[in-house]
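Remember, predicted model here, so these are calculated numbers, not experimental data.
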Amino acid sequence: MIVLPFNRREKNRIQVVKGDLTKMKVEAIVNAANPSLLGGSGVDGAIHRAAGEELLRECQTLGGCKTGQAKITKGYLLPAKYVIHTVGPIWQGGQNNEAELLEVCYANSIKLAAENNIKTLAFPAISTGAYGYPLKEATAIAFKTITNRLFFYPDDILQKVYLVCFDRLTYQCYLDFWKYY
Ligand code: ADP
């Protein structure tokens, strides 16, 4: 048996991909939602459009979601069986707990995925679109939090976590980070 050092084992479970989250054939995708959970712009809108109206109906029963929290629904017409909705922080200059809140978004999403025995999970770059979080700082938080949290779960629960980059800039930033991580 090859025992990989801490971080290598977790890093091997993460994969950076360029593409559309709504097309991912994984057990669960994470939605960068807003507190109403009733849909919005960016990836949130794309998920609701692809999943169909039943997703909105289930979301209406959830009573919203606070920043940093995560809630799970079915995926309906999506290839993914589940959607984990989390609300990232709005960037306000960095002095309003933004980093901690973004970290708990990733941590709570992973926790909820593990509780539901999800083996394959895909994240968007939470908060880096309409919510304005600086890309490099957000990327560092995504990698750090995901590797740290995966350490606590055996490989057979969360086998693979995909980081899905929609645009070239995000993809390049994630790849650069991945190389030196
Ligand atoms: P937030 O409000 O949390 O900033 P956005 O949806 O505005 O969320 O942006 C978060 C990231 O999701 C951005 O990098 C944006 O380019 C990306 N994104 C938008 N649509 C998709 C999609 N269909 N698949 C994957 N990522 C997407």
Listed once per pair and sorted, the salt bridge (charged side-chain N to carboxylate O under 4.0 Å, His left out) pairs that draw on residues 34-50, sequence neighbours left out
none
Looking at residues at least two apart in the chain, or sitting in another chain, which of them share a side chain to side chain donor-acceptor pair (under 3.5 Å) with His85?
Asn31, Thr73
Does anything in residues 165-175 form a side-chain hydrogen bond (donor to acceptor under 3.5 Å, both in side chains)? List the pairs, not counting sequence neighbours.
Asp167-Thr170, Gln172-Asp176
How would you list, by chain and number, every residue that makes a side chain to side chain donor-acceptor pair (under 3.5 Å) with Asn34, sequence neighbours excluded?
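Partners of Asn34 by the side chain to side chain donor-acceptor pair (under 3.5 Å) criterion, ordered by chain and then number, come out as Ser36.
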Checking Glu58 now: which residues fulfil side chain to side chain donor-acceptor pair (under 3.5 Å) with it, not counting sequence neighbours?
Tyr76
The side chain to side chain contact (heavy atoms under 4.5 Å, CB included) partners of Glu53 (sequence neighbours excluded) come to Arg57
Hey, could you give me each pair passing side-chain hydrogen bond (donor to acceptor under 3.5 Å, both in side chains) that has a residue in residues 115-137? Not counting sequence neighbours.
Lys111-Glu115
Scan for ring pair (Phe, Tyr, Trp, His ring centres under 6.0 Å) pairs involving residues 94-125, sequence neighbours excluded, and state none if there are none.
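Residue pairs passing ring pair (Phe, Tyr, Trp, His ring centres under 6.0 Å), neighbours aside: Tyr106-Phe123.
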Qualifying side-chain hydrogen bond (donor to acceptor under 3.5 Å, both in side chains) pairs with a residue from residues 89-104, counting only residues at least two apart or across chains:
Glu103-Lys144
Taking only residues two or more places apart in sequence, or in another chain, which ones meet Lys23 in a side chain to side chain contact (heavy atoms under 4.5 Å, CB included)?
Asp20
Remaining members of hydrophobic cluster (4.5 Å side-chain criterion), Leu38
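Listed partners: Leu56.
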Report the residues that fulfil salt bridge (Lys or Arg N to Asp or Glu O under 4.0 Å) with Arg13, sequence neighbours left out, ordered by chain and then residue number.
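Counting only residues at least two positions away or on another chain, Arg13 forms a salt bridge (Lys or Arg N to Asp or Glu O under 4.0 Å) with Glu10, Asp155.
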